[in-house]
Amino acid sequence: MNTKYIFVTGGVVSGLGKGITAASLGRLLKNRGYKVTIQKFDPYINVDPGTMNPYEHGEVFVTDDGAETDLDLGHYERFIDENLTHNSSITMGKIYQSVIEKERRGDYLGKTVQVIPHITNEIKEKIYGFEDTDTDIVITEVGGTVGDIEGVSIIEAIRQVGLEKNKEDVVYIHVTLLPYIFGSNEIKSKPTQHSVKELQSLGIKPDILVCRTEQDIPDNIREKLSLFCNVRKSSVIQNKTADCLYAVPLMLEEEGLAREVCNHLHLEKYIPDNSKWEEMIENIRKIDENHVVTIGLVGKYVKLEDSYISVIESLYHAGFANNVKVKVKLIDSEKITRENVKEQLKGMDGIVIPGGFGDRGIDGMIETVKYVRENKIPFLGICLGMQMAVVEFARDVLGIKDADSEEFNKKTENQIIHIMEEQKKINKKGGTMRLGAYPCIIKEGTLAQKLYGTTEISERHRHRFEYNNDYRERLEEAGLKVSGTSPDGLLVEMVEIPEHPYFIAGQFHPELKSRPNRPGPLFVGLVEAAKKRK
């Protein structure tokens, strides 16, 4: 079978759910027996999201191979349950960087370098990069909206793909908005018409329209969209807001999205097996609304929920596994002090301190750790959260008052968290940042082993600083046990307090591998412990 290509574009406004649409379609095609991968093209000139402000961009999602990517890749992985790579996250910055490097090397033999063909060829090279693999279908989401000046070259490249490949091997899906005007009590189709007209002016005729709406689309509106946008009426797909994010694939299945895609691509495996996904959604919907566990997420980027989207979703996954509804409360660590910590954490059944960079809000995190440790509140520390747990323990239990992280205080004599020289030798990229999946050996008889059910795991990292082994013996003797390390025992990956109902922290980011049907063990344990406190 030839590799099939699906392109998902967006119109009218951003934030319509192109990523969820692409991810849902990927799940539906996977349930038909196809090997699916998804990639995202972002029009911005940044080389990757790694250094972008979380308030602008949301979280940085890290793949097994260490790529710092757009948060939509998290949705892709959670829905299709496949580990993606750096090939699934492309920015225009990467494209221009690659083209300029080729020009400097003389690869273009001194010719004038232009958007067409050089930039567009580079984009197509990324799209065609899955052809020599076992991938059957490549779903490509184009970031931004049609008409954005920085995205024109991506639109041009995917237009060329439709020209170069067989007609039955390419399908274009346009996600657009059907606003509902309450004053006149009607759905308006004009924004969608204009968006499609813009797309057509760039040479692409959409085959399928996915219309985001808060109301059911009347039959006359479907007919109008079909005529004005030149798509079949059966290819006008309604995408209403679902009661559960993970129910969207089943809703789109009912609407006929996968059926239309199969027809356009001449796919033979037409009948899906959605039974396991349906069972999962059915179990989620059976959860008693009154069985609620409240988890406080104490972080420094809480003004934008997307900054912690994978952590939040992982807590929801853990709720599914524990048959409870998880309510996540975002708490600004900058506002927590020794005097108000009790009030700030009031009503919390469990606490998570997630990752982050920089010293803003650190004092509030340390006060949080002290409070949950002393008051036996279930606690999970992630990356920076683990480091703050170690620093707090060193300060309060060992009495090392100037204990700190090298990241925040280079002058302190007691850098409990620091940069290790050995780190540079093992890092995949040769720098001081540990990125991507690394193995971890778990000690037998620990809480970590009980949660994971094994002594060998692999989790993804994104950090620069490490636990200082010079303090390891003293910390362990005082009760902060090391329960997971790198295979050579050099790097501390997990710590826990056995005497505490649930106090565990990892240097890695367990949220990056959690799935709705396979929740992260550390989150499952946290919600289970929180549930017991009710």
Side-chain angles (χ1 to χ4, degrees), residues 5-10 14-15 17-26 35-54 56-99 101 119-120 122-131 133 135 137-145 148 150-151 153-155 157-158 161 175 306-310 313 355 428-429 431 433-437 460-462 509 511-515:
Y5 296 95
I6 300 170
F7 296 104
V8 180
T9 57
S14 58
K18 293 192 305 296
I20 299 297
T21 299
S24 297
L25 179 57
K35 175 73 172 175
V36 180
T37 196
I38 313 183
Q39 66 180 175
K40 172 83 180 285
F41 276 89
D42 273 306
Y44 49 73
I45 308 300
N46 304 66
V47 172
D48 62 44
T51 57
M52 293 177 73
N53 188 330
E56 275 195 33
H57 194 267
E59 76 170 7
V60 174
F61 188 85
V62 179
T63 57
D64 272 354
D65 62 351
E68 294 178 288
T69 75
D70 181 82
L71 63 82
D72 271 321
L73 264 75
H75 290 311
Y76 302 161
E77 287 204 1
R78 287 188 285 273
F79 275 76
I80 68 173
D81 200 8
E82 299 284 345
N83 293 332
L84 302 177
T85 69
H86 67 281
N87 293 325
S88 288
S89 179
I90 313 295
T91 70
M92 283 310 296
K94 281 183 181 175
I95 296 296
Y96 277 100
Q97 184 182 56
S98 179
V99 168
E101 285 173 354
I119 295 297
T120 51
E122 192 71 24
I123 293 169
K124 287 187 292 182
E125 191 177 300
K126 301 297 183 185
I127 296 169
Y128 296 153
F130 297 98
E131 289 197 340
T133 68
T135 301
I137 301 169
V138 180
I139 301 175
T140 300
E141 178 195 346
V142 179
T145 53
D148 295 345
E150 63 264 34
S153 52
I154 304 173
I155 298 294
I158 68 173
V161 172
V175 180
D306 276 356
S307 300
Y308 299 115
I309 188 69
S310 288
E313 288 300 320
K428 296 174 184 176
K429 292 192 174 182
M433 182 85 101
R434 269 215 286 164
L435 282 167
R460 299 176 189 173
H461 293 248
R462 183 178 181 248
H509 288 264
E511 71 272 20
L512 300 177
K513 295 183 85 167
S514 183
R515 311 281 188 262

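Values reported hereafter were calculated over all heavy atoms of this structure, with side chains retained and with hydrogens, waters and symmetry mates removed.
Here Ile123 contributes atom CD1 and Ile95 contributes atom CD1; the two are 5.5 Å apart, rounded to the nearest 0.5 Å. For the atom pair Ser153 OG and Phe41 CZ, the distance stands at 10.0 Å (nearest 0.5 Å). With rounding to the nearest 0.5 Å, the separation of CG in Leu84 from CG in Asp72 is 11.5 Å. Atom CZ of Phe130 is separated from atom CD1 of Ile139 by 11.0 Å, given to the nearest 0.5 angstrom. With rounding to the nearest 0.5 Å, the separation of OG in Ser310 from NZ in Lys513 is 13.5 Å. Separating the CD atom in Glu125 from the OG1 atom in Thr120 is a distance of 11.5 Å, to the nearest 0.5 Å.
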*What do the steps show when you test Val8 against Thr140 for side chain to side chain contact (heavy atoms under 4.5 Å, CB included), and what is the final call?*
CA-CA 6 Å; Val8 180; Thr140 300; over 6 Å; no

*Glu141 and Thr21: CA distance, side-chain angles, deciding distance, side chain to side chain contact (heavy atoms under 4.5 Å, CB included) verdict*: CA-CA 9 Å; Glu141 178 195 346; Thr21 299; over 6 Å; no

*Given His461 and Val62, is the side chain to side chain contact (heavy atoms under 4.5 Å, CB included) satisfied, shown in steps?*
CA-CA 8 Å; His461 293 248; Val62 179; over 6 Å; no

*Which is it for Ile6 and Leu25 under the side chain to side chain contact (heavy atoms under 4.5 Å, CB included) test, yes or no, and what are the steps along the way?*
CA-CA 10 Å; Ile6 300 170; Leu25 179 57; 3.9 Å; yes

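The shortest non-hydrogen separation linking Arg515 to Asp81 is NE-OD1, 3.1 Å. Closest approach of Lys18 to Val175, counting heavy atoms only: CG-CB, 4.0 Å. Taking all atoms of both residues into account, the shortest heavy-atom contact from Pro43 to Gly143 is CG-O, 3.4 Å.
Counted by atom type alone, Arg78 and Ser514 present zero donor-acceptor pairs between their side chains at under 3.5 Å. Side chains of Ser307 and Glu59: a donor-acceptor N/O pair is absent below 3.5 angstrom, by distance only. When only modelled atom types and interatomic distance are considered, Tyr308 and Glu511 share no side-chain donor-acceptor pair under 3.5 Å.
The aromatic rings of Phe7 and Tyr5 lie parallel to each other, with less than 30° between the two planes, well short of the 60° mark.
Checking side-chain atoms of Thr69 against main-chain N and O of Leu73 turns up no donor-acceptor pair under 3.5 Å. A donor-acceptor pair under 3.5 Å is absent between the side-chain atoms of Thr9 and the main chain of Val142, judged by distance alone.
Applying the side-chain hydrogen bond (donor to acceptor under 3.5 Å, both in side chains) rule to pairs touching residues 84-94 yields Asp65-His86, sequence neighbours excluded.
Taking the six-membered ring wherever Trp is involved, the centroid distance between the rings of Tyr44 and His57 falls below 6.0 Å.
Remark: Glu131 does not engage Lys124 in a salt bridge, criterion side-chain N to carboxylate O under 4.0 Å. Looking at Arg462 and Glu68, a side-chain N of the basic residue comes within less than 4.0 Å of a carboxylate O on the acidic one, giving a salt bridge.
Evaluation of the salt bridge (charged side-chain N to carboxylate O under 4.0 Å, His left out) rule for Glu82 yields Lys30, Lys35 as partners, not counting sequence neighbours.
The shortest distance between side-chain heavy atoms of Glu122 and Tyr96 does not fall below 4.5 Å. With a 4.5 Å cut-off on side-chain heavy atoms, Asn83 and Thr63 do not count as touching. Ile309 places none of its side-chain heavy atoms less than 4.5 Å from the side chain of Phe61.
Screening Ile154, Ile90, Val161 for a side-chain contact (heavy atoms from CB on, under 4.5 Å) with Ile127, the sole residue that qualifies is Val161.
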